[in-house]
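Structure first, then comments.
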Amino acid sequence: MPNGVCVHMEAIEEVKHPKKQVCDECVKIKAEWLHLRTCQECNATLCCDSSPNKHATKHAHATKHPVIASAERGERWLYCYPDDAFVEY
Ligand SMILES: [Zn+2]
Ligand SMILES: [Zn+2]
Ligand SMILES: [Zn+2]
């Protein structure tokens, strides 16, 4: 994956895509979301910071899984929380 961005992104060989186009946590609590992100560590798909529950960010902080990818069709980017690094691929 992208070189020179951060160690977490360099460790990604293949970007993980969502299994389903839903937020795993919002589904459980019947909440709504705006955009989806997929954790590159465990393949969880969760909602973005523009969504009321911000599940992707909560997941990253709780689990220390560093990198998410956009799960939106047509968007090809990764974001690393600890390095606050954004890259398109
Ligand atoms: Zn990183
Ligand atoms: Zn959610
Ligand atoms: Zn994860």
Side-chain angles (χ1 to χ4, degrees):
M1 263 293 125
N3 281 321
V5 181
C6 73
V7 291
H8 310 101
M9 291 198 198
E10 283 177 17
I12 295 170
E13 286 174 12
E14 209 175 320
V15 177
K16 291 184 175 68
H17 295 291
K19 290 166 292 219
K20 284 200 238 165
Q21 288 283 343
V22 299
C23 171
D24 296 348
E25 295 299 322
C26 283
V27 164
K28 290 182 199 162
I29 59 171
K30 297 190 169 57
E32 296 191 353
W33 62 84
L34 207 60
H35 301 297
L36 295 170
R37 310 293 181 233
T38 300
C39 177
Q40 295 302 294
E41 197 79 25
C42 68
N43 216 0
T45 295
L46 298 162
C47 56
C48 72
D49 282 357
S50 303
S51 305
N53 291 293
K54 303 183 168 72
H55 283 128
T57 295
K58 283 182 189 159
H59 174 82
H61 289 307
T63 59
K64 307 274 185 247
H65 292 167
V67 181
I68 54 166
S70 175
E72 298 298 315
R73 285 174 231 281
E75 290 186 8
R76 294 171 61 86
W77 55 258
L78 299 164
Y79 177 74
C80 175
Y81 283 95
D83 293 302
D84 189 24
F86 175 90
V87 73
E88 292 187 88
Y89 64 89

Original post:
Would you say V87 and Y79 are hydrophobically clustered, going by side-chain heavy atoms of ILVMFWY under 4.5 Å?
Top reply: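 In one cluster with V87: Y79, no.
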I need the minimum non-hydrogen distance between [X] and [Y], along with the two atoms involved.
X   : Y   : result
Y89 : L78 : CD2-CG, 4.0 Å
L46 : C23 : CA-SG, 3.7 Å
C47 : W33 : CB-CB, 3.5 Å
A31 : N53 : CB-ND2, 3.3 Å
D24 : A44 : OD2-CA, 3.7 Å

Side-chain ([X]) to main-chain ([Y]) donor-acceptor, under 3.5 angstrom:
X   : Y   : answer
E72 : L36 : yes
Q40 : K16 : yes
S51 : L34 : yes

Original post:
Do any pairs count as a salt bridge (Lys or Arg N to Asp or Glu O under 4.0 Å) and have a residue in residues 53-64, sequence neighbours left out, and if so which ones?
Top reply: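 Those involving residues 53-64 do not exist here.
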Original post:
Under the ring-ring contact (aromatic ring centres under 6.0 Å, His included) test, which residues partner H59, sequence neighbours left out?
Top reply: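 With neighbours one apart ignored, the set is H65.
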**OP:** Would you please name every residue forming a salt bridge (charged side-chain N to carboxylate O under 4.0 Å, His left out) with K28, sequence neighbours left out?
**Re:**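 Checked K28 against salt bridge (charged side-chain N to carboxylate O under 4.0 Å, His left out); matches are E25.
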Original post:
How long is the gap from CG on D49 to NE2 on H35, to the nearest 0.5 Å?
Top reply: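 Here the interatomic distance stands at 11.0 Å.
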Original post:
CD/Q21 to OG1/T38 distance, rounded to the nearest 0.5 angstrom?
Top reply: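 OG1 of T38 is found 7.5 Å from CD of Q21.
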Original post:
Do H55 and C26 have side-chain heavy atoms sitting under 4.5 Å apart?
Top reply: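 Answer yes - side chains close enough.
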Subject >> Within-4.5 Å side-chain heavy-atom neighbours: E41 and T63 >> reply: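 No, their side chains stay 4.5 Å or more apart.
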